[in-house]
Amino acid sequence: MGAASGRKTAAAVTVFGMCGIIGYVGRTNSDQPLEVACEALARLQYRGYDSAGIVVANENGLSFVKRAGKLSVLEQALVENPLPAATAAIGHTRWATHGGPTDANAHPHLSANGEVAVVHNGILENHAELREELIQAGVGFRSETDTEVAAHLLARALAEIGSLPEAMRATSKRLEGAFTLLAVAADNPHLVVGARRTSPLVVGLGEGENFLGSDVAAFVARTNRALELGQDQVVTITADAVNVTDFDGNPVKAREFTVDWDVSAAVKGGYATFMEKEIHDQPMAVRDTLLGRLAPNGRMRLDELRTAESVLRSADKIVVVACGTAAYAGHVAKYAIEHWCRVPVEVELAHEFRYRDPVVTEKTLVVAISQSGETMDTIMAIRHAREQGAKVIAVVNTMGSTIARESDAALYTHAGPEVAVASTKAFLSQIAATYLLGLYLAELRGTMFPDEVRAVLDELELMPAKIQRVIDGEEAIRDLAGQMRDVQSVLFLGRHVGFPVAMEGALKLKELAYIHAEGFAAGELKHGPIALIDEGQPVFVVVPSPRGRDVLHEKVLSNIQEVRARGARTLVVAEAGDEAVAEFASQVFWVPPTPTLLAPLVAVVPLQIFACALASVKGLDVDQPRNLAKSVTVE
Ligand code: M6R
């Protein structure tokens with residue numbers, strides 16, 4: 001069936017790679033370029049961690065080290081083969097797409113004459129024909145990557161044109177697909193040149209030094225001043241200047257922005273893992289997301305929502321697009337926004353939305369939720385929605401990210417950098433931010449009185465302290481994890497907002513502890529899943545507040561009894577004081593009394609702690625689970 005006239009159909013599938021890149025130039029030869037690159041790669045590991053490499057440039061030319069394996073392998077290699085003092089460096093941490101994770105396929109890739117080095121994030125779709133062309137011209141290849149063609153093309157263009165920025169522009173025009181490329185050349189160790197098409201690249205502005213990074217995490221420890229780059233642009237940095245042009249060499253004025261992340265948020269700060277640290281950061285993440293949203297007149301303020309009020313008032317449907325944990329935050333938000341705004345809210349996985357010809361009109365308000373702002377499925381979904389005339393509001397954590405830039409408005413979550421692959425504090429801050437959006441819309445559309453909005457905001461402001469109380473009780477849930485090292489499968493049940501919390505609990509366990517886990521709507525049990533219950537089957541149940549809608553609470557109590565009667569080990573997350581629940585629970589994890597719609601902010605915390613602790617008990621890599629990257633920049 002064809003698309004109705006006037007509606008745009010899905011474009012061809014696009015594939016992008018995911019990796020982290022850093023570029024740096026300082027004034028004089030020193031160890032600084034190497035230090036900056038190592039530090040940045042440590043912060044960027046979440047983008048990929050199967051190999052890494054660094055090349056430095058000084059007046060003697062280029063020197064590099066690259067290794068397959070985690071960053072620690074590269075760090076050890078750098079101890080054994082120290083790189084010289086230099087003025088510039090580029091570095092890369094990889095998530096393999098073309099060519100397996102080997103030393104040869106690790107970046108940087110050097111041109112045949114060793115004069116040019118490049119690192120690359122993305123996928124060059126025409127690499128095969130370019131490789132063939134270069135082979136015909138006598139170029140020998142050392143790796144299986146698509147990237148290596150860029151190194152050779154760039155070196156040849158440089159030999160012909162004599163200027164690295166010019167050569168980069170000429171080379172970029174020959175490349176198809178998505179790319180961020182950074183390059184250094186032996187003949188000028190005082191500059192690094194970058195090019196971007198679709199894959200992310202931001203500039204960090206320093207004093208007597210400048211930076212390029214795949215995102216601000218690369219340089220936020222050194223500077224909080226940054227420049228956004230647009231599509232098809234080439235940037236040249238020296239120690240004292242930044243120059244941006246389009247691929248034709250026309251000057252471009254890049255927008256400057258300030259990164260308000262606290263650097264200490266991107267270090268483990270005494271915790272064994274980033275995930276533990278980020279779980280403990282959650283009260284602050286929610287507090288910071290709520291900060292400054294109340295105007296002196298008591299009305300809600302979302303200054304960054306520059307979308308015309310008429311658009312927000314007249315929207316006849318809200319569609320939330322997101323992936324993974326961010327999508328579960330969207331599921332939670334649906335319950336609240338529909339209740340407060342009386343407008344239909346659909347939540348859809350971005351990749352499903354993108355390719356199913358959804359009904360989207362000028363009156364559809366799309367809310368894209370993303371921690372990284374670089375999730376390719378979500379980027380493609382918002383592009384598709386905007387092509388249909390919809391307005392897009394991004395709820396996003398990373399400033400200057402692609403999703404923030406490509407949306408009509410960005411409502412930032414202020415969770416700070418999230419490094420662990422498993423999302424925790426981003427989830428809570430996404431719920432807080434989407435709730436702010438819901439309350440703002442409700443006030444604007446007249447479905448809530450200002451004093452009603454104020455009452456919810458007052459409750460929201462109590463949440464950081466309540467989340468802290470749950471964290472303070474973490475020992476009990478850690479003990480449980482210690483007993484469950486050999487468990488094969490765990491089920492999670494919830495109703496209403498407890499349902500997405502159950503799904504999030506299951507996702508955490510799958511990705512961290514590699515255990516089969518499923519989250520179900522408790523009402524669905526008797527429609528099939530109850531057949532899974534056997535003697536000793538662990539089942540987490542998220543119980544709604546007994547002070548909320550009676551029927552919800554009663555129904556979940558019945559569900560607990562149903563699984564318990566069939567031998568389940570019932571692990572219950574319930575509100576302190578809910579004595580009725582204790583009778584049917586093998587173990588209860590108490591959370592502070594909280595209104596029903598806000599309860600996910602506390603109920604999910606024991607589930608996060610459990611997954612994190614179980615992965616640790618099993619000796620698994622909590623921050624970098626197998627096969628995953630933090631930011632999924634491939635479709
Ligand atoms: O950066 P995003 O929020 O767009 O990422 C979306 C998902 O990839 C992410 O939430 C993923 O599911 C996490 N690993 C879950 O812990």
Looking only at atom types and distance, does a side-chain atom of [X] sit under 3.5 Å from a main-chain N or O of [Y], one as donor and one as acceptor?
X	Y	answer
Thr570	Phe584	yes
Ser586	Leu571	no
Asp623	Phe274	yes
Ser370	Ala322	no
Lys508	Gln608	no
Glu452	Phe449	yes
Ser407	Ala410	no

Do [X] and [Y] come within less than 4.5 Å of each other through their side chains, counting heavy atoms only?
X	Y	answer
Leu507	Phe427	no
Lys630	Glu418	yes
Asp281	Lys277	yes
Leu457	Leu290	no
Val392	Val321	no
Met380	Arg383	yes
Pro200	Asn121	yes
Trp340	Leu597	yes

TODO: Taking all non-hydrogen atoms of both residues into account, name the closest pair between Asn397 and Gly416 and its distance.
DONE: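 What the structure gives for the nearest pair is ND2-O, 2.8 Å.
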
TODO: Write down the atom of Leu601, the atom of Ile467, and the distance for their closest heavy-atom approach.
DONE: O-CG1, 3.5 Å

- [ ] Consider only side-chain N and O atoms of Gln468 and Asp472, and report whether a donor and an acceptor are under 3.5 Å apart.
- [x] yes

Open item on the list: For the residue pair Glu504 / Thr325, report whether a side-chain donor-acceptor contact shorter than 3.5 Å exists.
Closed with: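 Side chains of Thr325 and Glu504: pair found under 3.5 Å.
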
TODO: Using the six-membered ring wherever Trp is involved, compare the ring planes of His496 and Tyr335 and label them parallel, tilted or perpendicular (cut-offs 30° and 60°).
DONE: tilted

Task: Charged N-O contact under 4.0 Å between Glu348 and Arg356 - done: yes

Task: Side-chain ion pair, Glu474 and Arg478, N-O less than 4.0 Å - done: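 Yes, charged N to carboxylate O under 4.0 Å.
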
TODO: Scan Lys555, Gln561, Glu562 and name whichever one has a side chain to side chain donor-acceptor pair (under 3.5 Å) with Asn559.
DONE: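 The option that passes is Glu562.
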
- [ ] For this output row, return yes or no: ring centroids of Phe540 and Phe610 closer than 6.0 angstrom.
- [x] yes

